[in-house]
Amino acid sequence: MPCINPEGKPTETGKKVLQALRDNGLCSAEKVAETTGVALFRVRSGLRDMIEAELVEMVADKYDITEKGIKLIE
Amino acid sequence: MPCINPEGKPTETGKKVLQALRDNGLCSAEKVAETTGVALFRVRSGLRDMIEAELVEMVADKYDITEKGIKLIE
Amino acid sequence: MEEYQTKPISLPRLGEKAPDFDAITTHGKLKLDDFKGSWLILFSHPADFTPVCTTEFIAFAEIFPDLQKRGVELLGLSVDSLSSHIAWARNVEEKTGVKIPFPIIADLSKEVSLAYGMVHPGQSKTETVRCVFIIDDKQIIRTILYYPLSTGRNMQEILRIVDALQTTDANGVATPANWKPGDKVIVPAPNTQEGAEERVKQPGYECVDWYLCKKAL
Amino acid sequence: MEEYQTKPISLPRLGEKAPDFDAITTHGKLKLDDFKGSWLILFSHPADFTPVCTTEFIAFAEIFPDLQKRGVELLGLSVDSLSSHIAWARNVEEKTGVKIPFPIIADLSKEVSLAYGMVHPGQSKTETVRCVFIIDDKQIIRTILYYPLSTGRNMQEILRIVDALQTTDANGVATPANWKPGDKVIVPAPNTQEGAEERVKQPGYECVDWYLCKKAL
């Protein structure tokens, strides 16, 4: 249940996190956990993976979805 | 509750152990514990103290009361 | 990998920061830091597809909702592979209907096991013993239990310890032997002679002597 | 005495011979060897005349007859003096009517505490935490528990572990999570593919899958 599967696509959990970022704009990990109901530790881990995959970017200490991320959940 | 008090006299437990040795002759620590109802660990500890105080002596792997020991419980 | 077969090795202790880790788990890559702000029970089991461990995993899954209510996450660990963990969790669900809701570390490199002192060579040179590390929301180790390979742990005792620690943190009190939620708690003992004199006159406390007073919460 | 404030320090582990000691106790000078042939629960407490410790001592005294029935001796320890131990035991008896029936090590030199890793500086640099070492009749460490200063231990869990270990030794079986005497026990898992095939056909066993079978004792 990471947020990215071995094919580089977001998992169901990954999509939830990306949607939360798309719908709420800049978010803290805590806010994403609260919005999605996904456990905070998994949000933190998933955000890390999705930053590496360039689906998410960090702005100061918050998170935002990238263009590449938006495409993957459309 | 060691077997010897600071004045060098046997305590109540010490007397029980000495009496068991006097009445049964050469005994193992296990036999003394069984005869007296004193816990085996305390018998072993007490025999060590009483050997040091020369009230008990070791013969092979068994214990016997000394003349000095006999005097102290008469 | 001789390292964990020789002594001396440092083991973590109560009151210390839990050792950091960067682990591959059945829920993705997890670091200790990911759990910051939650309590965490990190526990090891000897091996997947073994009987006592399976009963324990089912039992941990059963108390999972109780732990969640208390803000506690669960994290399992053994030196088995990720595929073995996944196969085992699926097998447990198929055979018993119990879904394993928490991540399990695949510690093939033994990095986490060694940092937490989970391999006790006198029991097994290749498997972790049944460790429980109760780590608070500031990532400090608060309780450590080491059970042997043969003996399944007791979930109610783990819940009791969590309740006791959280009650201590919330109320500045301690908890007596055999304490359960709802029982009276212990007021910290006075540390001056004057305090001791005052304590025994304090209304509302149930005192056995100056140093042992209880109160209801 | 800087030694126990710096890391790393070896702590004893499961499956190892318990460290020898030569200790001054309230029942005279005792060595680990004196307990050979009996099981031994060696436990530490932070300090005499403190509240949680007192409730624990009373609780240990309460289960003392149950332990004796199982061939288990109890041995307490703190870094207080012999006189303090004696005064405290007498105070407990005077105030609560409970006689402390087991010896308590006066470990002023901290020799035993250090050998058993009982001082956890993150909790206290001067006191021992609430350790429990369950040592079998061959003087092998079978279970280790470290509870923090604030949290009284659970006597029923200590008895349950002793029962589980003794059941394992007597019958060559293991015990599942939450096991209590009278519950079914676990048959060791087969270690060959052929054994696994045979196991699932074995009459009299209650099997969830080839690796998890229980039986009544």
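Each chain gets a letter, A, B and so on, in the order the sequences are listed, and its residues count up from 1. Not measured: the values here are computed from a predicted model.
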Shortest non-hydrogen contact from [X] toward [Y]:
{"X": "C:L165", "Y": "D:S150", "answer": "CD2-OG, 4.1 Å"}
{"X": "D:T54", "Y": "C:Y211", "answer": "OG1-CE1, 3.1 Å"}
{"X": "D:Y147", "Y": "C:I161", "answer": "OH-CD1, 3.5 Å"}
{"X": "D:W210", "Y": "C:F49", "answer": "CH2-O, 4.3 Å"}

Given heavy-atom pairs under 4.5 angstrom as the criterion, report whether the side chain, backbone, both or neither of [X] touches chain D.
{"X": "C:R130", "result": "neither"}
{"X": "C:V129", "result": "side chain"}
{"X": "C:K214", "result": "side chain"}
{"X": "C:T151", "result": "both"}
{"X": "C:T175", "result": "both"}

Residue among [options] with most heavy-atom pairs under 4.5 Å to chain C:
{"options": "D:P148, D:A59, D:C53, D:S124", "result": "D:P148"}
{"options": "D:G122, D:P176, D:A177, D:C131", "result": "D:A177"}
{"options": "D:M155, D:E94, D:R153", "result": "D:R153"}
{"options": "D:V173, D:T96, D:T50", "result": "D:T50"}

Taking atom [atom1] as the centre, does [X] end up with more than 12 heavy-atom neighbours from other residues, nucleotides or ligands that are less than 6.0 angstrom away?
{"X": "C:R70", "atom1": "CZ", "answer": "yes"}
{"X": "D:K17", "atom1": "NZ", "answer": "yes"}
{"X": "D:E93", "atom1": "CD", "answer": "yes"}
{"X": "C:Q202", "atom1": "CD", "answer": "yes"}

For residues 181-190 of chain C, give me every residue with a non-hydrogen atom less than 4.5 Å from any non-hydrogen atom of chain D.
C:I186, C:V187, C:A189

Which residue out of C:F57, C:W179, C:W88 racks up the most heavy-atom pairs below 4.5 Å with chain D?
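Counting heavy-atom pairs under 4.5 Å, the top option is C:W88.
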
Answer key: most heavy-atom pairs under 4.5 Å with chain D among C:L14, C:V208, C:V52, C:T168 is C:L14

Name the one of C:K180, C:Q156, C:E157 that satisfies side-chain hydrogen bond (donor to acceptor under 3.5 Å, both in side chains) with D:N154?
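Passing option: C:E157.
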
Measuring from atom [atom1] of [X] to atom [atom2] of [Y], what distance do you get when rounded to the nearest 0.5 angstrom?
{"X": "D:R142", "Y": "C:Q123", "atom1": "CZ", "atom2": "CD", "answer": "7.5 Å"}
{"X": "D:R13", "Y": "C:M118", "atom1": "CZ", "atom2": "CE", "answer": "11.5 Å"}
{"X": "D:N178", "Y": "C:T55", "atom1": "CG", "atom2": "OG1", "answer": "8.0 Å"}

Applying side-chain hydrogen bond (donor to acceptor under 3.5 Å, both in side chains), name anything that partners D:K95, two or more places apart in sequence or on another chain.
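D:K95 satisfies side-chain hydrogen bond (donor to acceptor under 3.5 Å, both in side chains) with no residue once adjacent residues are dropped.
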
